[in-house]
*Asks:* 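Sharing a structure here in structure tokens format.
Below, chains carry the letters A, B, ... as their sequence lines are ordered, and counting in each starts from 1. Hydrogens, waters and symmetry mates are skipped; everything else that's a heavy atom, side chains included, is used.
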Amino acid sequence: MPIRLYNSLTRSLEELQPLVPGKVTMYHCGPTVYSSPHIGNFRSFLFADVLRRFVEDQGYQVTQVMNVTDVGHLTLDDIEGGEDKLEAASRKTGRTAWDIARQYEAEFHECQQKLMVRLPHHMPRATDFIPQMGRIIDDLLQQGVAYQVNGNVYFAVARFPGYGKLSGKVLDELEAGARVAVNDEKQDPRDFALWKTDDKHQMQWDAPFRGGARGFPGWHIECSAMSMHYLGPQIDIHTGGEDNMFPHHECEIAQTEAHTHRRFVSIWMHARHLLVDGTKMSKSLGNFYTVADILQQGYTGLELRYTLIRVQYRQSLNFTQKGLDEARAAIARVQQCRQRLVRHRDGLERVGGDDLAGPAAQANAQFTAVMSDDLNVSEALAAVFDFVGVCNKAQPSAAGASAALAAFLRFEDVLGCFGPEPKPDATNEAPADLQLKLLARNGARRSKDWATADRLRDEIAAAGWKIVDAPTGARLEKA
RNA sequence: GGUCCCGUAGCCGAGUGGUUAGGCAACGGAUUGCAAAUCCGUUUACCCCAGUUCGAUUCUGGGCGGGACCUCCA
């Protein structure tokens with residue numbers, strides 16, 4: 001089944017048609033490592049992860065690149081008064097910009113792991129690609145598409161006719177917005193920096209292009225350089241948050257296509273920002289959450305992942321604590337179902353005659369259809385839960401349970417938000433004292449000493465476990 | 001000022017020109033010693049106004065409300 005994705009560039013759904021049949025190249029604008037990753041960042045990164053997982057699920061060989069921006073971005077779109085965020089963090093903490101970048105990069109990787117992100121094949125650092133950026137800058141200067149003033153190099157937007165095609169921004173509107181900083185060096189207010197000089201900057205390199213001055217790269221060139229290095233001049237999919245559309249991706253297109261004279265990206269995809277408690281997440285409103293914040297509240301990475309992917313990426317997602325609680329319950333429903341199936345498959349539960357292969361195939365087909373429709377995760381989850389209902393009603397045969405479990409493995413492979421296949425019985429993994437209490441409760445129940453039985457059940461519950469009474473006997477499960 | 005998106009039951013969120021989305025929550029029943037889990041059943045929908053239509057929540061126009069981008073931001 002063809003995969004249809006929404007292309008921000010054409011503002012329409014398009015069929016994924018890889019440049020090389022059977023192979024898909026993806027580039028994702030990654031983290032800027034000057035602060036802890038927040039849940040909004042990870043909505044975008046999890047969207048990229050689900051995209052990659054589903055495209056792989058559909059049989060494509062995917063190569064995925066995500067950059068690590070360890071050169072900070074200036075806080076103002078101007079030379080004067082602008083301070084790089086990495087440099088600012090450095091000044092506050094007294095540590096070098098390099099140390100800070102490495103620290104937050106490590107934290108980012110931890111978050112990826114906790115949120116079950118399948119690691120991109122390449123996660124290059126911008127600072128390792130200064131020479132590659134230099135080669136592009138050099139070429140753009142040679143072509144006359146870029147110019148140098150006082151050591152600063154700017155891309156001449158007027159020389160690239162396609163500028164504005166992604167974001168729809170045109171010069172008049174930018175001027176009307178009155179937000180374009182005054183910069184006498186620029187020939188055109190839209191021109192953007194490829195290379196900058198600033199003596200006070202910690203991160204500096206000798207100019208990697210001919211005739212340049214010591215300085216640091218502009219804010220867009222890294223992605224062009226790294227994308228081209230790993231994936232070639234043309235790629236299939238490029239993703240980012242909606243805020244990246246302008247100016248970042250617009251500039252990437254300009255500098256890359258001016259350099260290669262070929263179409264850079266086939267499909268541009270942008271994830272909508274999430275809201276928190278119905279409004280934009282911001283530090284000043286006190287509704288700003290890092291991934292670590294949520295985990296510290298006691299939610300698992302899986303629960304956070306579920307919460308962040310359950311709404312289709314192009315819809316705004318309202319992040320709330322209630323949403324996390326719902327995710328916890330929803331995941332439990334799936335896992336309960338899977339565990340029962342495991343018990344049937346393994347002969348621990350009396351098996352019936354229901355062959356679930358048919359419903360499993362149906363659920364798989366439905367899942368594929370809705371995921372192929374621009375990654376409609378909401379509908380994909382509905383397909384999963386419909387199937388849960390079917391399984392719970394059934395008295396499956398061992399083979400039927402096995403077929404159903406295979407479907408769940410596939411859903412998990414694509415969404416990654418349910419967790420691994422449950423063990424049929426966790427009693428043996430419970431602490432020994434709880435196992436003894438379970439045995440004691442069994443005895444109390446046989447002698448109809450309900451008070452003792454209930455007290456033991458409460459004690460077990462207080463320890464974070466719960467008793468499941470089944471026809472085949474009572475067992476313990478992690479609550 | 002420019003560009004764009006959204007408004008669905010208690011909450012979150014799909015979708016459709018006429019037929020039950022799904023999850024969470026609530027209520028009744030089955031089951032259970034009582035629970036938990038599971039199953040069965042039930043309740044509350046499509047912001048407002050006008051138009052197109054046999055028929056609109058779904059299409060068109062207007063209004064109201066919310067949000068995003070235009071500036072570092074996923």
*Asks:* Distance check, P atoms only: rA36(B) and rG29(B), in whole angstrom units.
*Replies:* 13 Å
*Asks:* Given Phe418(A) and Phe411(A), is the ring pair (Phe, Tyr, Trp, His ring centres under 6.0 Å) satisfied, shown in steps?
*Replies:* CA-CA 9 Å; Phe418(A) 304 117; Phe411(A) 302 145; 7.7 Å; no
*Asks:* Just checking, is any N or O donor in the side chain of Asp277(A) or Thr320(A) under 3.5 Å from an acceptor N or O on the other one?
*Replies:* no
*Asks:* Which value, rounded to the nearest 0.5 Å, describes the distance between Tyr289(A) atom OH and Leu324(A) atom CG?
*Replies:* 9.5 Å
*Asks:* Distance check needed: rC72(B) C1' versus His273(A) NE2, whole Å only.
*Replies:* 12 Å
*Asks:* Under 4.0 Å between any heavy atoms, over every strand shown, what does Ile39(A) touch: base, sugar-phosphate, or nothing? Just pick one.
*Replies:* nothing
*Asks:* Give the ring-plane orientation class for Phe155(A) versus Phe160(A), where under 30° counts as parallel, over 60° as perpendicular and anything between as tilted.
*Replies:* perpendicular
*Asks:* Taking atom P of rC5(B) as reference, at what distance in whole Å does atom CZ of Arg272(A) sit?
*Replies:* 10 Å
*Asks:* For RNA chain B, produce a single dot-bracket line, 5' to 3'. Pairs: Watson-Crick or G-U wobble, both distances under 3.5 Å. Symbols: ( ) within strand, [ ] crossing, | other strand, . unpaired.
*Replies:* (((((((..(((.....[...))).(((((.......)))))....(((((..]....))))))))))))....
*Asks:* Rounded to whole angstrom units, what separation is found between the NE2 atom of His248(A) and the P atom of rU71(B)?
*Replies:* 15 Å
*Asks:* Using the P atom on both, measure rA35(B) against rA68(B) and round to a whole Å.
*Replies:* 48 Å
*Asks:* Check this for me, if you would: do Arg441(A) and Asp458(A) make a salt bridge, where the nitrogen-to-carboxylate-oxygen distance has to be below 4.0 angstrom?
*Replies:* no
*Asks:* According to the interplanar angle, ranging from 0 to 90°, do the rings of Tyr313(A) and Phe47(A) count as parallel (below 30°), tilted (30 to 60°) or perpendicular (above 60°)?
*Replies:* parallel
*Asks:* Got a sec, which residues hit side-chain contact (heavy atoms from CB on, under 4.5 Å) with Ala444(A), two or more places apart in sequence or on another chain?
*Replies:* Asp449(A), Thr452(A), Ala453(A)
*Asks:* Can you name the ring pair (Phe, Tyr, Trp, His ring centres under 6.0 Å) partners of His38(A), sequence neighbours left out?
*Replies:* Phe288(A)
*Asks:* Mind telling me whether Phe45(A) and Phe108(A) have parallel, tilted or perpendicular rings, with 30° and 60° as the class edges?
*Replies:* perpendicular
*Asks:* Report the distance from atom CG of Asp293(A) to atom OG of Ser36(A), rounding to the nearest 0.5 Å.
*Replies:* 8.0 Å
*Asks:* Applying side chain to side chain contact (heavy atoms under 4.5 Å, CB included) to Gln321(A) and Asp325(A), what does each step give before you reach the verdict?
*Replies:* CA-CA 6 Å; Gln321(A) 169 144 5; Asp325(A) 292 336; 4.0 Å; yes
*Asks:* Supply the atom-to-atom distance Leu434(A) CG to Glu429(A) CD, rounded to the nearest 0.5 angstrom.
*Replies:* 13.0 Å
*Asks:* Base, sugar-phosphate, or nothing for Lys393(A), non-hydrogen atoms under 4.0 angstrom?
*Replies:* sugar-phosphate
*Asks:* Does NZ or CZ of Arg314(A) come closer than 6.0 Å to the centre of the six-membered ring of Tyr6(A), within 45° of the ring's axis?
*Replies:* yes
*Asks:* Below the 4.0 Å mark, does rG15(B) have OP1 or OP2 next to a side-chain nitrogen or oxygen of Asn376(A)?
*Replies:* yes
*Asks:* As a test of reading the structure: which of rU71(B), rA74(B), rA68(B) is closest to the side chain of Phe246(A), going by heavy atoms?
*Replies:* rU71(B)
*Asks:* Figure out the CZ/P separation between Arg455(A) and rA35(B), and round it to whole Å.
*Replies:* 20 Å
*Asks:* At a heavy-atom distance below 4.0 Å, what parts of residues 1-10 of chain A sit against RNA chain B?
*Replies:* none
*Asks:* Any base atoms under 4.0 Å from Asn41(A), or only sugar-phosphate, or nothing? Heavy atoms, all strands.
*Replies:* base
*Asks:* I'd like to compare against my own output: the B/S/- annotation of nucleotides 22-34 of chain B with a strict under-4.0 Å heavy-atom distance to protein.
*Replies:* BBB--------BB
*Asks:* Look at all strands and tell whether Gln315(A) reaches a base, only sugar-phosphate, or nothing, counting heavy atoms closer than 4.0 Å.
*Replies:* sugar-phosphate
*Asks:* How far, in whole Å, is rC49(B) from rA56(B) if one measures between their P atoms?
*Replies:* 13 Å
*Asks:* Give the rounded distance in Å between these two atoms: CG of Asn318(A) and P of rG66(B).
*Replies:* 15 Å
*Asks:* Base, sugar-phosphate, or nothing: which does His38(A) touch, judged by heavy atoms less than 4.0 Å apart?
*Replies:* base
*Asks:* Taking only the P atom of each, what is the distance from rG15(B) to rA30(B) in whole angstrom?
*Replies:* 39 Å
*Asks:* For the pair made of CG in Leu275(A) and P in rG7(B), what is the distance, rounded to whole Å?
*Replies:* 13 Å
*Asks:* Rounded to the nearest Å, what distance is computed from the CG atom of residue Leu456(A) to the C1' atom of nucleotide rA35(B)?
*Replies:* 15 Å
*Asks:* Please give, in whole Å, the distance from rG15(B) P to Met371(A) CE?
*Replies:* 13 Å
*Asks:* Relative to the ring of Tyr27(A), is the ring of His238(A) parallel (under 30°), tilted (30 to 60°) or perpendicular (over 60°)?
*Replies:* tilted
*Asks:* Remember a base hit wins even if backbone is also touched, and classify Gly240(A) as base, sugar-phosphate or nothing at under 4.0 Å, heavy atoms.
*Replies:* sugar-phosphate
*Asks:* Does anything in residues 411-431 of chain A reach RNA chain B, meaning a heavy atom under 4.0 Å, and if so which residues?
*Replies:* none
*Asks:* If you pin Ala271(A) and Glu242(A) to their nearest nucleotides in RNA chain B, which one's is more 5'?
*Replies:* Glu242(A)
*Asks:* Decide side chain to side chain contact (heavy atoms under 4.5 Å, CB included) for Val311(A) and Asn318(A); before the verdict, give the C-alpha distance in whole Å, the side-chain angles of both, and the deciding distance to 0.1 Å.
*Replies:* CA-CA 9 Å; Val311(A) 178; Asn318(A) 189 19; over 6 Å; no
